[in-house]
Amino acid sequence: VSLDHVGQDGIECLDDILWIKSLIIERVKPKGTIILNGDCQPLVEHIKKKPHLLDEGRKLIYFSKNKDSQLIQNHLEQGGVCFYSEGEMIYLAKGEEVAPLVNIKEIPLTLKGTANFQIENALAAIAACYAQ
């Protein structure tokens, strides 16, 4: 969640962006998967306030650029799935299992790993593919 869309389509502040993004989370169908940026504290807090979002068989996958965050570590300790970047690599972690997936520099949209927001987009896209 960032200010990049403020001033567009009636979006006036960070809370507006958070509300829009939270609508997507709330529309995940039963047995679907919520994919969430574990580095985005406002969205993480939104999920914590609405535990019913994980009812009806919904799963939660985090992606992160900080595999050592307490949130990610707790999620993995509970057997959860996470995709994270470390150094030049993107990894899949499930519980204690970790597998390297791809070198970030090999993903063209990351501009050889220099476009940080595109690394996050790649992590989210990889998580979505995994969920399917």
Side-chain angles (χ1 to χ4, degrees):
V1 175
S2 64
L3 297 172
D4 56 341
H5 295 289
V6 169
Q8 298 174 355
D9 302 315
I11 300 170
E12 298 177 7
C13 62
L14 200 57
D15 283 340
D16 290 344
I17 295 170
L18 176 60
W19 181 75
I20 291 165
K21 290 186 182 248
S22 72
L23 290 176
I24 297 166
I25 296 167
E26 293 179 18
R27 297 302 302 156
V28 173
K29 293 181 179 182
K31 298 184 182 178
T33 303
I34 296 168
I35 298 170
L36 196 61
N37 183 343
D39 302 331
C40 181
Q41 197 60 37
L43 282 176
V44 170
E45 291 302 319
H46 180 77
I47 287 285
K48 288 180 182 176
K49 291 177 190 171
K50 298 187 175 192
H52 70 278
L53 294 175
L54 296 177
D55 292 346
E56 299 181 297
R58 291 180 189 88
K59 296 178 255 358
L60 176 60
I61 295 177
Y62 284 110
F63 66 92
S64 177
K65 292 184 71 188
N66 180 12
K67 74 167 179 101
D68 296 321
S69 78
Q70 193 62 53
L71 173 76
I72 299 303
Q73 290 304 309
N74 289 346
H75 188 65
L76 292 173
E77 286 172 10
Q78 295 170 5
V81 174
C82 178
F83 292 84
Y84 65 84
S85 62
E86 182 176 49
E88 295 181 355
M89 293 296 295
I90 289 179
Y91 295 88
L92 159 61
K94 184 175 183 182
E96 294 181 11
E97 299 174 35
V98 177
L101 296 179
V102 63
N103 186 306
I104 292 167
K105 291 183 176 183
E106 294 177 15
I107 303 171
L109 112 125
T110 70
L111 303 175
K112 298 188 180 188
T114 62
N116 281 324
F117 74 99
Q118 296 292 24
I119 295 170
E120 291 177 343
N121 288 336
L123 285 163
I126 292 167
C129 290
Y130 176 88
Q132 289 300 311

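Numbers for residues simply follow the sequence, beginning at 1.
In terms of heavy atoms, Ile119 sits closest to Gly113 at CD1-O, 3.7 Å. Heavy atoms only, all atoms of each residue included: Ile107 and Ala122 are closest at CD1-CB, 4.1 Å. A pairwise comparison of heavy atoms in Met89 and Ile104 identifies O-CD1, 3.8 Å as the closest pair.
No continuous path of hydrophobic side-chain contacts links Phe63 to Phe117 [ILVMFWY only; heavy atoms under 4.5 Å]. One hydrophobic cluster, built from ILVMFWY side chains closer than 4.5 Å, cannot hold both Leu71 and Tyr84; they sit in different ones. A continuous path of hydrophobic side-chain contacts links Ile90 to Val81 [ILVMFWY only; heavy atoms under 4.5 Å].
Considering only heavy atoms from C-beta on, Leu53 stays 4.5 Å or farther from Val28 through its side chain. A heavy-atom distance below 4.5 Å is not found between the side chains of Lys50 and Ile25. Between Leu101 and Tyr91, the closest side-chain pair of non-hydrogen atoms is not below 4.5 Å. Ile126 has its side chain out of reach of Leu123: every pair of non-hydrogen atoms, C-beta onward, lies at least 4.5 Å apart.
Under a 3.5 Å cut-off, the side chain of Arg58 and the backbone N or O of Asp55 do form a donor-acceptor pair. With hydrogens and angles ignored, the 3.5 Å screen pairs no side-chain donor or acceptor of Thr33 with any backbone N or O of Ala131. Looking only at distances, no side-chain donor or acceptor of Glu120 sits under 3.5 Å from a matching main-chain atom of Ser64.
The line from CG of Leu76 to NZ of Lys94 is 11.5 Å long, rounded to the nearest 0.5 Å. Remark: Asn103 CG to Thr110 OG1 distance equals 8.5 Å, nearest 0.5 Å. Distance check, rounded to the nearest 0.5 Å: NZ of Lys112 to CD of Glu106 gives 11.0 Å. Distance check: Gln70 CD to Glu77 CD gives 7.0 Å after rounding to the nearest 0.5 Å. For the atom pair SG (Cys82) and CG (Asn74), the distance works out to 12.0 Å, reported to the nearest 0.5 Å.
Classification of the Tyr62-His75 ring pair by plane angle, with boundaries at 30° and 60°, yields perpendicular.
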Pair Ile34, Leu54 - check side chain to side chain contact (heavy atoms under 4.5 Å, CB included), show working.
CA-CA 8 Å; Ile34 296 168; Leu54 296 177; 4.0 Å; yes

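Other residues, nucleotides and ligands contribute more than 12 heavy atoms inside 6.0 Å of the NZ atom of Lys59.
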